[in-house]
Amino acid sequence: MAQTSPPARMTRDVLRGRAQTVLGPLDPAELGPTLMHEHLIWDIRTPAMRADPDQGPEITLCNCFAINYGRKKVPGNLRFRCEPTAVAELTALRASGGRTLVELSSGGLDPDPAALARLAAEAGLHIIMGCGHYVHEYQDPANAARGAEDFAREMVDQVQLGAWGTTVRAGIIGEIGCQAPWTEQERRVMAGALLAMAETGAAVNVHPGRHPDQPQEVADFIRAHGADPGRIIISHIDRTIFDETRLLRLADSGVVIEFDLFGQEASYYPLAAIDMPNDAVRLKLIRALIARGHLERIVISHDICYRTRLRRWGGHGYGHIFENVVPLMLERGFTEAEVAAITTGNPRRLLAFA
């Protein structure tokens, strides 16, 4: 039997200045309009939800609003593995003008690199995959005994050799999960992510805890570890920070601010006692960042991880930003150059290896 050679390591010198998709490296100029935080094949159910025999009703047009609003509990809505439906959703994204999607189903969310490679090839879209580990509750119990250097080596290999038992390589680190309060294990994973960033040149995406001061805690941790804040993307700001003072302080620290819940228009948020903003409020906060001089520190996305947010089940789908939000931005006084920076230029810079 012929021996299979191990994959060649994609070192930092090889990747510097290029982006790495699930189908291989390319010139970042080819990425085009980009969604910076999405899920295509996922399972975000907690371990307890996965063990529950009642996964809720089938999703229909008659119950999708109740499920999306959050009052109807349907664990099955939090899992999606259907590749033909994913291809259809990606085809609609491409028709809307999107060209690249960053998929951040990290460890604990059932990542499937081989499926992402198939989807990219079939849909004709660039997909960039994340790596690392989600929040503590979702992690393998074996992680409790691992140190930051061990986590770093794993993430370096996921970028340079292949992730989750495949030869499909990650092009970004994350989403790295944090909670409020932050657990010691999550801190070790984050420290490992920063070490991996330094070795690979990849950017890092952070899932912050839901307390409004936790993103700043992450930013302070990054500074204390001597990492480049300009290569760190803090996700989910639109469910975490609601006042300009905190928001501007966080941006002033140098990290990238990600508003990634576009399309979620319901004020009720089942995971915390907050009033979820709508898309118009998100744009007002983005305008405040631009007024402060932080245009280059803003990216946007939808973070689709419920089936009811897909077009197949009556949702807005991956094309919502390009079909609806970009026209709204232009109507609200954003310039073409500002829109291009947020949707294309900033992602291109962040996804190019440093």
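Tested against V159, the residues E199, Q20, R9 include a single side chain to side chain contact (heavy atoms under 4.5 Å, CB included) partner, Q20.
Looking at R309, its side chain does come within 3.5 Å of a backbone N or O of D303 through a donor-acceptor pair. Judged purely by atom type and a 3.5 angstrom limit, Q214 has no side-chain atom pairing as donor or acceptor with the backbone of P181. With hydrogens and angles disregarded, a donor-acceptor distance shorter than 3.5 Å links the side chain of H302 to the backbone of I321. At distances below 3.5 Å, at least one donor-acceptor pair connects side-chain atoms of T34 with backbone N or O atoms of G32. Panel note: side chain R307, backbone L78; no donor-acceptor pair is recorded below 3.5 Å. Counting only distance, with no hydrogens or angles, the side chain of T166 and the backbone of A163 share a donor-acceptor pair below 3.5 Å. Put simply, the side chain of R169 gets close to the backbone of Q160: a donor and an acceptor are under 3.5 Å apart. R45 places no side-chain N or O within donor-acceptor distance of the main-chain N or O of G76, the cut-off being under 3.5 Å. Between the E38 side chain and the L35 main chain, no donor and acceptor come within less than 3.5 Å of each other. The backbone N or O of E296 lies less than 3.5 Å from a partner atom in the side chain of R349, making a donor-acceptor pair.
Taking the centre and axis of the six-membered ring of Y269, the NZ or CZ atom of R239 falls outside the cone set by 45° and 6.0 Å. Note that R12 lies outside the cation-pi zone of F353, set by a 6.0 Å cut-off to the ring centre and a 45° limit from the axis.
Taking every heavy atom of both residues into account, F334 and V339 meet most closely at CB-CG2, 4.1 Å. The nearest pair of heavy atoms linking A193 to V204 is O-CG2, 3.9 Å. The minimum heavy-atom distance linking A227 with L194 is given by the pair CB-CD2, 3.9 Å. Nearest approach of R188 to N143, heavy atoms of both residues: NH2-O, 3.4 Å. For P25 against L15, the heavy-atom pair with the smallest separation is CG-CD2, 4.1 Å. Residues I233 and M36 come closest through the heavy atom pair CD1-CE, 3.7 Å.
The distance from atom OG1 of T100 to atom NE2 of H126, rounded to the nearest 0.5 Å, is 5.0 Å. Interatomic distance, I59 CD1 to I67 CD1, rounded to the nearest 0.5 Å: 5.0 Å. The line from CG of L330 to CD of E338 is 10.0 Å long, rounded to the nearest 0.5 Å. In this structure, CD on E258 lies 8.5 Å from CG on D238, to the nearest 0.5 angstrom. Taking CD1 of I290 as the start and CD1 of I298 as the end, the distance is 4.5 Å to the nearest 0.5 Å. The CD atom of E175 lies 14.0 Å from the CD1 atom of I173; values are rounded to the nearest 0.5 Å.
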Inset, instruction - Dump the intermediate steps for side chain to side chain donor-acceptor pair (under 3.5 Å) on H316 and N324, then the final yes or no. - result: CA-CA 10 Å; H316 52 76; N324 303 313; over 6 Å; no
Inset, instruction - Check the pair D275, S267 against side chain to side chain donor-acceptor pair (under 3.5 Å), reporting the backbone distance first and the verdict last. - result: CA-CA 5 Å; D275 294 330; S267 59; 5.6 Å; no
Inset, instruction - Show your reasoning for whether side-chain contact (heavy atoms from CB on, under 4.5 Å) applies to V255 and V206. - result: CA-CA 10 Å; V255 298; V206 177; over 6 Å; no
Inset, instruction - Determine, step by step, whether I304 and H39 satisfy the side-chain contact (heavy atoms from CB on, under 4.5 Å) criterion, reporting the C-alpha distance in whole Å, the side-chain angles of both residues, the deciding distance to 0.1 Å, and the verdict. - result: CA-CA 6 Å; I304 290 178; H39 301 274; 6.0 Å; no
Inset, instruction - Take D43 and R50, measure what salt bridge (Lys or Arg N to Asp or Glu O under 4.0 Å) needs, and give me the verdict at the end. - result: CA-CA 9 Å; D43 190 342; R50 297 184 190 201; 3.7 Å; yes
Inset, instruction - Before giving the answer on ring pair (Phe, Tyr, Trp, His ring centres under 6.0 Å), spell out for H133 and F151 the whole-Å C-alpha distance, their side-chain angles and the decisive distance to 0.1 Å. - result: CA-CA 9 Å; H133 295 277; F151 287 123; 5.7 Å; yes
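Side-chain contact annotation: N68 with T308, donor-acceptor N/O pair under 3.5 Å present. Counted by atom type alone, E103 and S105 present one or more donor-acceptor pairs between their side chains at under 3.5 Å. Q179 and R210 are not linked by any side-chain donor-acceptor pair at a separation below 3.5 angstrom, with hydrogens and angles left out of the test.
At least one side-chain heavy atom of V102 sits less than 4.5 Å from a side-chain heavy atom of L351. Within the 4.5 Å cutoff, no side-chain heavy atoms of D260 are placed close to those of I300.
Ion pairing between R16 and D13 holds under the 4.0 Å rule for side-chain N and carboxylate O. By the 4.0 Å N-to-carboxylate-O rule, D150 lies too far from R153 to be salt-bridged with it. Between R311 and E89 there is no salt bridge, since no side-chain nitrogen of the basic residue lies less than 4.0 Å from a carboxylate oxygen of the acidic one. A salt bridge links R292 with D252: the closest approach of a Lys/Arg side-chain nitrogen to an acidic carboxylate oxygen falls below 4.0 angstrom. A salt bridge is defined here as a Lys NZ or Arg NE, NH1 or NH2 lying under 4.0 Å from an Asp or Glu carboxylate O, and R146 with E154 meets this definition. Under a 4.0 Å N-O distance rule, the pair R246/D213 qualifies as a salt bridge.
Around atom CG of D243, more than 12 heavy atoms belonging to other residues, nucleotides or ligands sit under 6.0 Å away. The local environment of CD in E184 is crowded, with over 12 non-hydrogen atoms from other residues, nucleotides or ligands closer than 6.0 Å. The local environment of CD in Q216 is crowded, with over 12 non-hydrogen atoms from other residues, nucleotides or ligands closer than 6.0 Å. Within 6.0 Å of NZ in K284 there are 12 or fewer heavy atoms belonging to other residues, nucleotides or ligands. With a 6.0 Å radius and a threshold of 12 heavy atoms from other residues, nucleotides or ligands, R187 has its CZ atom above the threshold. The neighbour count for E30 CD, taken as heavy atoms of other residues, nucleotides or ligands under 6.0 Å away, is above 12.
The six-membered or imidazole ring of W182 lies near that of F221, with a centre-to-centre distance under 6.0 Å. Ring to ring, H37 and H236 are close: their centroids are under 6.0 angstrom apart.
Residues satisfying the ring-ring contact (aromatic ring centres under 6.0 Å, His included) criterion with Y134, sequence neighbours excluded, are Y138, H207.
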